[in-house]
Amino acid sequence: MDATGTSEGRPRNHRDHTDRGTGSGRRDRRGDRRVEADAKPHGDGGHSGALPCFVVQIHQARRMHFDFRLEVGGVLKSWAVPRGPSENPRERRLAVATQDHPLEYRTFEGVITKGGSGGGTVIVWDQGTYHPLSHDRWGAPVPFEQALEDGHATFWLDGTRLHGEFALTRFKKGGEQGTPGEDVWLLIKAKDGQATHDGPDTPDPYLARSARTGRTLAQVAAEEGGGVP
């Protein structure tokens, strides 16, 4: 199956309140923390399920954006998506590759104090598992890491909010022709039974609620960061 295939999803809606961290030296509530700018934020533990996980976090940093993360090779491969994922196949969303994160970061929700890289409030907007779908021209499966290396990877998301087939396609490789910068990709929804074609798209990040705790960015900032966004 490729980015134009059709499939049926298994939509479901739930909120996970079971992940609770116990990290010392930080305020810890429902897996949510306030961390110093020079400390690496983390969540409540690595993923041990049969299927790889994904998470979409809203990050109110210097520039508001969504962080799209896929478990690949024991880490979270990450892309900053300024406008967030869309379930409308006509909406091709810019996705800039960023640094890998440890698996436990998938549950992080809290405040990273300002003054360093990545400072700001974070909530988990979506979470779930995914199925790699990439294949070669003869229909043989291609390992997901190889598909990403080749610049085109397809996958099926089974999340709280996002469902169905998506594709990541690289259109600019960082460092090409001596130019600096990160790889630039497009995140695209396939035309399948889970696609939308009208109605509201990605929600306003200021009004969006966490898939884990039901809180908004402002509520997390008030509870975990003393009201600082």
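Tested against F54, the residues L157, L76, D158 include a single side chain to side chain contact (heavy atoms under 4.5 Å, CB included) partner, L157. Of the residues D183, V96, L94, L168, the one that meets the side chain to side chain contact (heavy atoms under 4.5 Å, CB included) test with W79 is L168.
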- Start with the C-alpha distance between R69 and R106, add both sets of side-chain angles, then the distance that settles side-chain contact (heavy atoms from CB on, under 4.5 Å), and finish with yes or no. CA-CA 8 Å; R69 310 188 195 278; R106 71 187 179 89; over 6 Å; no
- Could you check F171 against V184 for side-chain contact (heavy atoms from CB on, under 4.5 Å), going step by step and ending with a plain yes or no? CA-CA 6 Å; F171 72 89; V184 181; 3.3 Å; yes
- Task: List the steps, then state whether side-chain contact (heavy atoms from CB on, under 4.5 Å) holds for Q219 with T213.
- Result: CA-CA 10 Å; Q219 289 172 324; T213 64; over 6 Å; no
- Given side-chain contact (heavy atoms from CB on, under 4.5 Å), test I123 with R215 step by step and report yes or no. CA-CA 8 Å; I123 64 171; R215 296 182 298 171; 5.7 Å; no
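Hydrophobic clustering, with ILVMFWY side chains joined whenever heavy atoms are under 4.5 angstrom apart, keeps M64 apart from V124. Linking ILVMFWY residues whenever their side-chain heavy atoms come closer than 4.5 Å, directly or via other members, places F68 and W125 in the same cluster. One hydrophobic cluster, built from ILVMFWY side chains closer than 4.5 Å, cannot hold both V55 and Y130; they sit in different ones. Both V81 and V72 are part of a single hydrophobic cluster, where members link through side-chain heavy atoms under 4.5 Å apart.
Taking all atoms of both residues into account, the shortest heavy-atom contact from I58 to P205 is CG2-CB, 3.8 Å. Counting all heavy atoms, side chain and backbone alike, R83 lies closest to E91 at NH2-OE1, 3.5 Å. Taking all atoms of both residues into account, the shortest heavy-atom contact from G214 to R209 is O-NH1, 2.7 Å. Of all the heavy atoms in Q60 and Y206, the pair that sits closest is NE2-CE2, 3.5 Å. Taking each heavy atom of G119 and H59 in turn, the nearest pair found is O-NE2, 3.8 Å. Across P132 and F144, no two heavy atoms sit closer than the pair CB-CD1, 3.7 Å.
In this structure, the side chain of E87 engages the main chain of H163 through a donor-acceptor pair within 3.5 Å. A distance-only check finds no donor-acceptor pair linking the side chain of D192 to the backbone of G164 [under 3.5 Å].
In this structure, the side chains of K189 and Q194 come closer than 4.5 Å at one or more pairs of heavy atoms. Side-chain contact between W156 and L51 is absent, with no heavy-atom pair separated by less than 4.5 Å. Between P89 and H197 there is a side-chain heavy-atom pair separated by less than 4.5 Å. Inter-residue side-chain proximity for R212 and Q127 is flagged as met; some heavy-atom pair is nearer than 4.5 Å. Taking the side chain as every heavy atom from C-beta outward, V122 and E109 never approach each other to under 4.5 Å. Side chains of P85 and V56 form a contact here, defined as non-hydrogen atoms less than 4.5 Å apart. Taking 4.5 Å as the limit, every side-chain heavy atom of T98 sits out of range of all side-chain heavy atoms of E182. Side-chain contact between D100 and K77: present, with at least one pair of heavy atoms (C-beta onward) separated by less than 4.5 Å.
For R92, the CZ atom is loosely surrounded, since the number of other residues' heavy atoms within 6.0 Å does not exceed 12.
Rounding to the nearest 0.5 Å places CG of L186 at 13.0 Å from NZ of K172. Rounded to the nearest 0.5 angstrom, D67 CG and H101 NE2 are separated by 7.0 Å. Put simply, OG1 on T196 and CG on N88 are 5.0 Å apart, with the number rounded to the nearest 0.5 Å.
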